[in-house]
> 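Structure incoming, see below.
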Amino acid sequence: MLSQIVSALGVVVVAVFACSAYFYFSNKILDWSLPVKDGDIHSAARNLNRRAMIRPWLFIGPALFLLVVYLVYPVIATLILSFYDRSGVKFVGLANYQWALTDREFRQSIFNNILWLAVVPAACTFFGLVIAVMTDRIWWGNIAKSIVFMPMAISFVGASVIWKFIYEYRGGNDVQIGLLNAIVQLFGGTPQVWISVPLWNNFFLMVILIWIQTGFAMVILSAALRGIPEETIEAAVIDGANGWQIFWRIMVPQVWGSIAVVWTTITILVLKVFDIVLTMTNGQWNSMVLANLMFNWLFRGGGDSGRSAVIALIIMLAVTPIMVWNVRRANRELGGH
């Protein structure tokens, strides 16, 4: 454990030193190669302009390089692999795409992902906004916010293990230790293996991600709500608006930009959801989602790089419009200022 901590600290120190050295020496080399000499005004002005044009690229150059290596190249390689067989050697054209259109499990994964997209971002944003508003009105609001935010510190696998105990089922006459089944049994109901119930098990899995991400939504939206001018709320109260009207007609419109950020961030996360499904059901009982299906085709049964590449491209294509919309909205807001 100690050696791992020392190793991690060493990597951090070396990385910070390397970055500092790169920026220091690259700027020195730029200044040396484009000198500003006294007496030659035209040459000095030209070199100063060149420095101004080149210097930003010294800062963003490493980031662009890493972006090409770790994002652009994998996308192109994935696209190429999607036209090859499972071994990535034999060209098969559109065969993998035809498989995707006719495979029942792939269609089920698409349906499940749409369900997740319809429920999770909306639920997280709604609960986060409601909790942010409510906790600002009570004296122990900061304590409540800390409790709600706490699941964010838990990994998806850890959260899944916690909720596995909540959904736990014991057969026969055994005492139900799962919280949900214990409550059902208390009220005279019949305990169930909840995560094996087709369709409904998707919603039981969604609850885990909602539980984790509501804290994120609450923090962002709480900060946005604090930015609403008090005069606006006071004017609405004077005009006779009730709490419900203030919430929907005053607060929500003024924090709509933050709501959009939270919504799109969680939407992208949902498209990549993997750990929860793998830990809870492993994609069984019609609970498979695209990320898990890609994992299965890539690493199980000998692996199929062609079909897994098709699924990866579908996920990337689903994320792209959201990213483009986010960038355009940010550009509009910056342009407006």
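Here the structure is a predicted model, which means the values were calculated and not measured. All values below were derived from every heavy atom in this structure, side-chain atoms included, with hydrogens, water molecules and symmetry-related copies excluded.
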> For Tyr22 and Leu58, indicate whether the former's side chain and the latter's backbone hold a donor-acceptor pair under 3.5 Å.
yes

> Does Leu64 reach the side chain of Trp57, with side-chain heavy atoms less than 4.5 Å apart?
yes

> Say whether, by atom type as modelled, one donor and one acceptor occur between the side chain of Asn47 and the main chain of Pro35 under 3.5 angstrom.
yes

> Side chains of Tyr167 and Asn201, heavy atoms from C-beta outward: is any pair under 4.5 Å?
no

> Give a yes or no answer on whether the side chain of Ser308 reaches the backbone of Ser305 with a donor-acceptor pair at less than 3.5 Å.
yes

> Just how far is it from atom CG of Leu269 to atom CH2 of Trp116, taken to the nearest 0.5 Å?
9.5 Å

> So, does Gln284 use its side chain to make a donor-acceptor pair with the main chain of Thr281 at under 3.5 Å?
yes

> Would the number of heavy atoms belonging to other residues, nucleotides or ligands and lying under 6.0 Å from OH of Tyr73 be above 12?
no

> Would you say that more than 12 heavy atoms from the other residues, nucleotides or ligands in this model lie under 6.0 Å from the CZ of Arg55, or not?
yes

> Between Gly240 and Gln245, what is the shortest heavy-atom contact and its length?
O-OE1, 4.2 Å

> Same cluster for Leu199 and Val270 if Ile/Leu/Val/Met/Phe/Trp/Tyr side chains link at under 4.5 Å?
yes

> Could you state whether Leu209 and Val157 fall into the same hydrophobic cluster, counting links through intermediate Ile, Leu, Val, Met, Phe, Trp or Tyr residues with side-chain heavy atoms under 4.5 angstrom apart?
no

> With a 3.5 Å distance limit and no angle check, can you tell me whether Tyr169 reaches the backbone of Pro191 through a side-chain donor-acceptor pair?
no

> Does a side chain donor of either Gln108 or Asn112 reach within less than 3.5 Å of an acceptor in the other side chain?
yes

> Can you tell me how far CG of Leu293 sits from CD1 of Ile315, rounded to the nearest 0.5 angstrom?
8.5 Å

> Without swapping roles, check the side chain of Asn292 against the backbone of Met288 for a donor-acceptor pair under 3.5 Å.
no

> Can you measure from CG (Asn202) to CD1 (Ile114) and round to the nearest 0.5 angstrom?
12.0 Å

> For Leu34, is there any backbone N or O sitting under 3.5 Å from a side-chain donor or acceptor partner on Arg50?
no

> Is there a donor-acceptor pair closer than 3.5 Å between any side-chain N or O of Thr135 and the backbone N or O of Ile131?
yes

> Find out whether Phe59 and Asn27 are in side-chain contact, i.e. whether some heavy atom of one side chain is under 4.5 Å from a heavy atom of the other.
yes

> Please lay out, stage by stage, how Ile276 and Trp163 fare under the test side-chain contact (heavy atoms from CB on, under 4.5 Å).
CA-CA 10 Å; Ile276 294 173; Trp163 281 86; over 6 Å; no

> Flag the pair Arg170 and Glu168 as a salt bridge only when some basic side-chain nitrogen lies within less than 4.0 angstrom of an acidic carboxylate oxygen.
yes

> In Å and rounded to the nearest 0.5 Å, what is the CD1 to CE distance from Ile314 to Met294?
12.0 Å

> Applying salt bridge (Lys or Arg N to Asp or Glu O under 4.0 Å), name anything that partners Asp85, two or more places apart in sequence or on another chain.
none

> How long is the gap from CG on Leu290 to CD1 on Ile110, to the nearest 0.5 Å?
4.5 Å

> For a side-chain contact (heavy atoms from CB on, under 4.5 Å) check, start with the C-alpha distance between Phe111 and Asn286, then their side-chain angles and the critical distance, and finish with the verdict.
CA-CA 10 Å; Phe111 174 77; Asn286 294 336; over 6 Å; no

> For residues Lys145 and Ser222, is any side-chain donor paired with an opposing acceptor at under 3.5 Å?
yes

> Write down the atom of Leu221, the atom of Ala132, and the distance for their closest heavy-atom approach.
C-CB, 4.3 Å

> Measure the spacing between CG of Leu117 and CD1 of Ile266 and express it to the nearest 0.5 Å.
12.0 Å

> Is there a side-chain contact between Thr214 and Val148 in this structure, where contact means two heavy atoms from C-beta onward sitting under 4.5 Å apart?
yes

> Has Arg86 got a side-chain atom pairing as donor or acceptor with Gly303's backbone, closer than 3.5 angstrom?
yes

> Nearest heavy-atom pair of Lys272 and Ala291: which atoms, and what distance?
O-CB, 4.1 Å

> Under a single-linkage definition using a 4.5 Å side-chain heavy-atom cutoff for Ile, Leu, Val, Met, Phe, Trp and Tyr, are Ile143 and Met150 assigned to the same hydrophobic cluster?
no

> Do Leu101 and Arg107 have side chains that get closer than 4.5 Å, going by heavy atoms?
no

> Could you list the residues that satisfy side chain to side chain donor-acceptor pair (under 3.5 Å) with Tyr97, not counting sequence neighbours?
Ser82

> Determine the minimum heavy-atom distance between Thr78 and Ala312, stating which atoms define it.
CG2-CB, 4.0 Å

> What's the shortest heavy-atom distance between Ser26 and Phe23, and which atoms?
OG-O, 3.2 Å

> Applying side-chain contact (heavy atoms from CB on, under 4.5 Å) to Trp194 and Val184, what does each step give before you reach the verdict?
CA-CA 11 Å; Trp194 300 106; Val184 169; 3.8 Å; yes

> Is a side-chain N or O of Thr102 found less than 3.5 angstrom from the main chain of Trp99, in a donor-acceptor match?
yes

> Answer whether the closest heavy-atom distance between the side chains of Phe83 and Asn96 falls below 4.5 Å.
no

> What residues, two or more places apart in sequence or in another chain, satisfy ring pair (Phe, Tyr, Trp, His ring centres under 6.0 Å) together with Tyr84?
Phe91

> Side-chain heavy atoms under 4.5 angstrom apart, residues restricted to Ile, Leu, Val, Met, Phe, Trp, Tyr: same cluster for Phe247 and Met218?
yes

> If you count every heavy atom of other residues, nucleotides or ligands that lies below 6.0 Å from Phe274 atom CZ, does the total exceed 12?
yes

> Determine, using the 4.5 Å side-chain heavy-atom cutoff (strictly less than), whether Phe203 and Ile208 are members of one ILVMFWY cluster.
yes

> Would you mind reporting whether Phe156 and Thr279 have side-chain heavy atoms less than 4.5 Å apart?
no

> Carefully, step by step, assess Val262 and Cys124 under the rule side-chain contact (heavy atoms from CB on, under 4.5 Å).
CA-CA 9 Å; Val262 170; Cys124 290; 5.8 Å; no

> Take atom CG of Asp103 as the centre, draw a 6.0 Å sphere, and report whether it contains more than 12 heavy atoms from other residues, nucleotides or ligands.
yes

> So which atom in Ser287 and which in Leu205 form the shortest heavy-atom distance, rounded to 0.1 Å?
CB-CD1, 4.2 Å

> Would you indicate whether the side-chain heavy atoms of Ile233 and Ile250 approach each other to under 4.5 Å?
yes

